[in-house]
Every structure is written in structure tokens, then in C-alpha cells.
Amino acid sequence: TRTPVNVTVTGAAGQIGYALLFRIASGQLLGADVPVKLRLLEIPQGLKAAEGTAMELDDCAFPLLRGIDITDDPNVAFAGANVALLVGARPRTKGMERGDLLEANGGIFKPQGKAINDHAADDIKVLVVGNPANTNALIAQAAAPDVPAERFTAMTRLDHNRAISQLAKKTGASVSDIKRLTIWGNHSATQYPDIFHAEVAGKNAAEIVNDEAWLADSFIPTVAKRGAAIIEARGASSAASAANAAIDHVHTWVNGTAEGDWTSMGIPSDGSYGVPEGLISSFPVTCKDGKYEIVQGLEINEFSRGRIDASVQELVEERDAVRGLGLI
Ligand code: NAI
């Protein structure tokens with residue numbers, strides 16, 4: 001029998017946590033033959049609700065679920081962790097400046113990064129979901145010098161999936177016909193969903209759409225502002241779709257991308273496509289054998305260049321701000 005994989009989820013009592021844990025326990029994160037042990041990290045006020053969720057997980061009698069630990073201590077939560085999903089974060093509240101937001105999140109992601117550094121398993125893979133995801137991932141990574149930097153990733157898969165869905169609607173194709181879509185940059189309103197290399201049933205998506213006004217005025221803003229539109233409609237932020245994207249991100253990272261396709265992940269830049277080295281920015285990546293690689297050699301047209309640069313500039317500013325705060 002296989003040894004269970006230790007999966008740590010922070011913010012386990014939150015709404016994404018509630019949508020995520022049952023899917024992990026049912027085998028959708030890693031594979032239908034991989035047993036898992038769950039570690040739930042919450043702040044003290046969240047522990048009771050996390051215990052309630054653990055009771056429900058028990059009540060599902062998932063064959064792959066080999067145990068659940070609940071704690072408010074990051075050193076316990078990340079001990080032996082193979083996969084860490086960092087979901088809990090400090091949201092921006094009214095009147096909060098960016099510096100305050102970054103500082104509050106530094107107080108969460110710096111100690112968690114250190115706990116990962118000191119206690120996680122050697123093969124640890126980290127996905128940061130909690131916003132500002134890219135920069136929170138940078139903070140955690142900087143606090144974990146003994147862990148290879150590339151193990152720290154940030155989630156842009158929800159943006160990727162949103163863009164696929166919008167493009168499928170526009171072209172009348174099914175989502176499974178859409179390949180090679182890319183989200184570049186930051187998981188924020190400046191992100192750039194790129195269809196110039198995407199394919200719809202094997203044909204170039206930008207050529208099929210052939211409508212730059214739709215791209216600039218409809219597609220890009222719809223994808224980039226989808227989170228706000230969900231809040232407006234639902235009265236709460238995206239939860240099930242965010243959990244779904246987290247499942248997709250880790251599943252793809254571990255199990256690979258399909259031949260001829262790629263996905264989008266926020267990852268430490270190696271300088272590709274003019275993105276300064278070390279920034280955690282979204283790129284087109286292929287995954288194989290538990291590792292990812294940036295897709296190389298794509299031609300970046302002027303339309304794309306300006307948008308990638310604008311989002312990367314925002315990441316530079318966030319990095320400089322957390323550097324100024326001594327968080328990295
Ligand atoms: P939520 O507020 O329902 O849950 C957050 C949970 O985190 C709470 O239970 C809270 O007690 C816990 N928490 C706070 N600080 C913690 C700490 N230091 N350690 C452990 N747990 C802690 O929020 P929700 O809706 O679940 O969203 C979580 C995060 O995901 C937010 O930052 C949100 O902005 C982000 N998000 C990111 C998306 C992406 O595409 N990257 C998409 C949607 C949401």
C-alpha cells in the first residue's frame with residue numbers, strides 16, 4: 001500500500017477551504033489511487049469551525065483519507081508536508097492601504113514560509129491562493145532559503161479557466177477544444193490573458209476571433225474583473241471555482257500537462273520573456289514528472305508586450321514594497 005501524502009491546507013475554515021477539503025479527500029488533488037493525510041491550519045478563532053469540517057470529512061467515509069490533524073501552529077501544520085495549499089490570508093478591508101495589506105500578509109506568510117523551510121518534507125510543493133497571491137508566495141519563498149525556490153507557486157489557474165470559458169463562449173467551441181491559453185503577470189486586475197498563441201479546435205484563436213476591440217474591451221476586462229463580478233452577484237467572493245482551480249493547479253503540476261497543451265502558473269521567473277528574475281509571475285508552463293518548465297520561444301506582439309510589461313511592473317512595485325518593509 002502507498003504511503004499517504006501529507007497535504008496541509010491553511011485557512012481551512014474559510015469558504016475556499018470548505019469547497020476544497022472534500023475534493024482533496026476524495027482523491028481529486030493527486031489522483032484516485034493516492035491516499036492523503038490532511039493537516040488543517042487555522043487561527044485560534046477558526047479552530048472550532050475547522051473541527052466541524054473535519055467531522056463532516058469523517059462522515060464522508062472517503063477511502064483515501066487516512067487522517068486529519070487540526071492546529072493553529074504552523075510548525076505542526078507543515079511538519080512532513082508534501083503539498084501545502086496556502087489559502088488563509090488577510091483580506092483588504094475598507095480604507096486599508098497597499099502597504100498595510102502587504103504588511104499584514106507578511107505577518108502570515110513569513111512565519112509560514114519559515115515553518116515550511118524548517119519542517120516540510122524534501123519534496124514539498126507550495127501553492128499560494130491567498131491574496132495578493134504572487135507577492136505572498138514571494139514572501140513565503142524568501143523565508144524558506146533551504147527549499148528550492150521553484151517549489152513556491154501562486155495561483156492564476158482560476159484566471160486561466162475563466163479565460164478558457166469566455167473564449168469558448170465567444171467562438172462557440174467547447175472548453176476542451178481550447179488549448180495553449182496563457183495568463184501572464186500578476187493575479188490582479190493587471191493580469192493579461194493571451195489568446196495569440198491559443199488554439200480553438202487546432203486553429204489559432206486570435207485569427208478565429210479576429211476582433212481586437214473584443215479582446216481589448218470585452219475579453220481582457222471580463223477575465224480580469226471576474227472576481228469583482230462574482231462578489232457583486234453572489235455577495236461573496238469566488239469559492240468553489242477558486243477551490244477547483246487549486247485542485248487543477250496541483251493536479252497538473254503533479255500529473256503533467258497534456259501533450260500539445262500548456263497551463264498557467266505563477267512561478268519564480270528565470271528572466272524569460274523579459275520578466276525580472278525572481279519575481280513570481282504567471283507564465284505558460286508545461287508540467288511533467290512533478291516539474292514545470294516555462295514554454296519558450298513564443299513570439300510576443302506589441303499588443304501583448306505592453307500588457308505583460310504593465311502587469312510585471314505592478315509585481316516589481318509589490319516586491320519593492322515588501323522589500324521596503326523588510327519582509328523579503
Ligand atoms: P475566508 O475569509 O472565507 O477564509 C479565510 C480563512 O483563513 C479564515 O477561516 C481565516 O480564519 C483563515 N486564516 C486567516 N489567517 C490565517 C493564518 N495566519 N493561518 C491560517 N488560517 C488563517 O476567505 P476565502 O474566501 O476562503 O479566500 C481565501 C483567500 O483566497 C483570500 O485571500 C482570497 O482573496 C483568495 N482568493 C484567491 C484567488 C486566486 O485566484 N488566487 C481566488 C479567490 C480567492
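This is a predicted model, so every value here is computed, not measured. In each ligand, atom 1 is the first atom listed, and ligand 1 is the first ligand listed. Positions are given from 1 along the sequence.
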So the atoms of ligand 1 within less than 4.0 Å of a heavy atom of Ala89 turn out to be 32 (O)

Decide if the gap between the ring center of Phe196 and the ring center of Phe303 is smaller than 6.0 angstrom.
yes

Which atoms from ligand 1 have a heavy atom of Val87 less than 4.0 Å away?
28 (C), 29 (C), 30 (O)

Min heavy-atom dist Gly46 to ligand 1 below 4.0 Å
no

Fit a plane to each ring of Trp184 and Tyr273, take the angle between them on a 0 to 90° scale, and name the class: parallel (under 30°), tilted (30 to 60°) or perpendicular (over 60°).
perpendicular

Donor-acceptor side-chain pairing of Glu314 and Thr190 below 3.5 angstrom:
yes

Protein contact of atom 37 (C) of ligand 1 - nearest heavy atom, named by residue and atom, plus distance:
Val129 O, 3.0 Å

Where ligand 1 meets Ala242 - atom numbers and elements under 4.0 angstrom, heavy-atom basis:
42 (C), 43 (C)

Regarding His187 and Asn134, is there a side-chain donor-to-acceptor distance under 3.5 Å anywhere?
no

Which ligand 1 atoms are under 4.0 Å away from a heavy-atom of Leu158?
40 (O), 42 (C)

Gln112 heavy atoms, cut-off 4.0 Å: which ligand 1 atoms fall inside?
17 (C), 18 (N), 19 (N)

Hydrogens and angles aside, do Asp270 and Ser272 bring a side-chain donor and acceptor to less than 3.5 Å of each other?
yes

Just to confirm my output: which protein heavy-atom neighbour is closest to atom 36 (N) of ligand 1, and how far is it?
Asn131 ND2, 3.4 Å

Is there a path of hydrophobic side-chain contacts, each under 4.5 Å between heavy atoms of I, L, V, M, F, W or Y residues, that connects Ile230 with Val223?
no

Arg39 side chain to Thr71 side chain, donor-acceptor N/O pair below 3.5 angstrom
no

Taking only non-hydrogen atoms of Ser238 and a 4.0 Å limit, the atoms of ligand 1 in range are 43 (C)

What is the closest protein heavy atom to atom 44 (C) of ligand 1, and at what distance does it sit?
Ile16 CD1, 3.4 Å

Leu41, Ile16: one ILVMFWY side-chain cluster at the under-4.5 Å cut-off?
no

Within-cut-off N or O pair, Gly11 and ligand 1, under 3.5 Å:
yes

Heavy-atom distance to atom 15 (N) of ligand 1: which of Asn105, Ile43, Ile231 wins?
Ile43

Please say whether the positively charged group of Lys179, taken as NZ for Lys or CZ for Arg, lies over the ring of Trp262, i.e. under 6.0 angstrom from the six-membered ring centre and within 45 degrees of the axis.
no

Which of the atoms in ligand 1, numbered in the order shown and given with their element, are less than 4.0 Å from a heavy-atom of Ser237?
25 (O)

Tell me the protein heavy atom at minimum distance from atom 18 (N) of ligand 1, and give that distance in Å.
Ile108 CG2, 3.5 Å

For Arg23 and Asn244, which I'm curious about, is there any donor-acceptor pair between the side chains at under 3.5 Å?
yes

Identify, for atom 4 (O) of ligand 1, the protein heavy atom at the shortest distance, and state residue, atom and that distance.
Gly14 CA, 3.1 Å

Among protein heavy atoms, which lies nearest atom 39 (C) of ligand 1, and at what distance?
His187 NE2, 3.2 Å

closest protein heavy atom to atom 8 (C) of ligand 1 is Glu42 OE2, 3.5 Å

Please tell me whether Tyr18 and Thr53 have a donor and an acceptor in their side chains that are separated by less than 3.5 angstrom.
no

4.0 Å protein heavy-atom contact status of atom 21 (N) of ligand 1, strictly under:
yes

Nearest-contact summary for atom 3 (O) of ligand 1 - protein heavy atom, Å
Gln15 N, 2.9 Å

So, Glu42 versus Thr10: side-chain donor-acceptor pair below 3.5 Å or not?
no

